[in-house]
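Report on the following structure.
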Amino acid sequence: MSVSSESGDIPDPTVARLASYLYVLRSFSRRGVLVASSGQLATAAGVNPAILRKDLSYVGANGVRGVGYDVGKLTARISIALHTDTIATVVLAGAGRLGRALLAHTGVGRGFVVAALFDDDPDTIGRRLTPDTPVVAALDDIETVCADPSLGSVDIGVVATADEHAQRVADAFAAVGVRQLLNVTPVGLVVDSDVVVRQVDLALELQVLAFTASRGPLGARNADQLRAVADR
């Protein structure tokens, strides 16, 4: 999968980083920052400046040497490339703590709206998590709710349920034509070839960071100590 732009198709890793840059740029705007250097943007986004400049070349953005990028113009360029000027309809299965955390980050201008919520908790079903969110429906009602013409076409399904419900939720989403899934459970979903699944395993990401941290000075010292013990 890739996004089409004036510079051609944008690779998936670049798309993910562009979304991160957009978040950073909007935070800069809120603080009144009008111009930002590639170094400032890269540091805030946690990437190498050279990677950032290459990513921005896909959206035709060129900073002014010695000055940087116009924050407003760059925000507009990335927004257009990522199609945040259109609104994607999202349905979220799993209204527990993880699902609510995801819901809390679906702010205005992010390019999507959560149109339906599902859960298996009897105390949660039939309630609104906030005044602005839909009434939570039962997991068993996914196909009925998503097939309701008043909901419109569903673009993305989010699987944030308990592990034992993840596959049947994915099956229910696929049955009503949802072809883009965000899976934040550790379960490997089995889907048809035309269904795109983006897997976000938070525990795995922590393991990667822990491994990276272990390769720093402290990790090197620990490795040396282990080798010394083994040589005795």
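Along the sequence shown, residues are numbered consecutively beginning with 1.
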Criterion side chain to side chain contact (heavy atoms under 4.5 Å, CB included) on Arg53 and Tyr69, from CA distance to verdict: CA-CA 11 Å; Arg53 287 191 291 268; Tyr69 295 89; 3.8 Å; yes

Run Val67 and Val35 through side chain to side chain contact (heavy atoms under 4.5 Å, CB included) and show every step you take. CA-CA 7 Å; Val67 178; Val35 177; 3.8 Å; yes

Are Phe28 and Thr75 close enough, and set up right, to give a side chain to side chain contact (heavy atoms under 4.5 Å, CB included), and what steps lead you there? CA-CA 10 Å; Phe28 280 7; Thr75 299; over 6 Å; no

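Note that CG of Leu41 and OH of Tyr21 are 9.0 Å apart. Values are rounded to the nearest 0.5 Å. Note that OG1 of Thr14 is 11.5 Å distant from CG of Asp9, once rounded to the nearest 0.5 Å. If you take CG on Asp194 and CD on Gln180, they are separated by 10.0 Å, rounding to the nearest 0.5 Å. Note that CD1 of Ile156 is 14.0 Å distant from CZ of Arg179, once rounded to the nearest 0.5 Å.
For the 3.5 Å distance criterion, the side chains of Thr130 and Asp132 fail to qualify, holding no donor opposite an acceptor.
Pairing each heavy atom of Val169 with each of Ala93, the nearest pair is CG1-CB, 3.5 Å. Minimum interatomic distance between Leu129 and Ala95 (heavy atoms only, all atoms of both residues): CD1-CB, 4.0 Å. The two residues Gln167 and Gly188 come nearest to each other via the heavy atoms OE1-O, 4.2 Å. Nearest heavy atoms, Val91 versus Phe173: CG2-CE2, 3.4 Å. In this structure, Val187 and Asn183 approach most closely via the heavy-atom pair O-ND2, 2.7 Å. When all heavy atoms of Leu139 and Asp120 are compared, the pair lying nearest together is CD1-CB, 3.7 Å.
Under a cut-off of 6.0 angstrom, the local environment of CZ in Arg127 is crowded, with over 12 non-hydrogen atoms contributed by other residues, nucleotides or ligands. Annotation: Arg97, atom CZ; neighbour count of heavy atoms from other residues, nucleotides and ligands within 6.0 Å does not exceed 12.
Listed for the Ser29 side chain is a donor-acceptor partner under 3.5 Å among the backbone atoms of Leu25.
The side chain to side chain contact (heavy atoms under 4.5 Å, CB included) test with Leu189 is passed by exactly one of Val195, Val197, Asp171: Val197.
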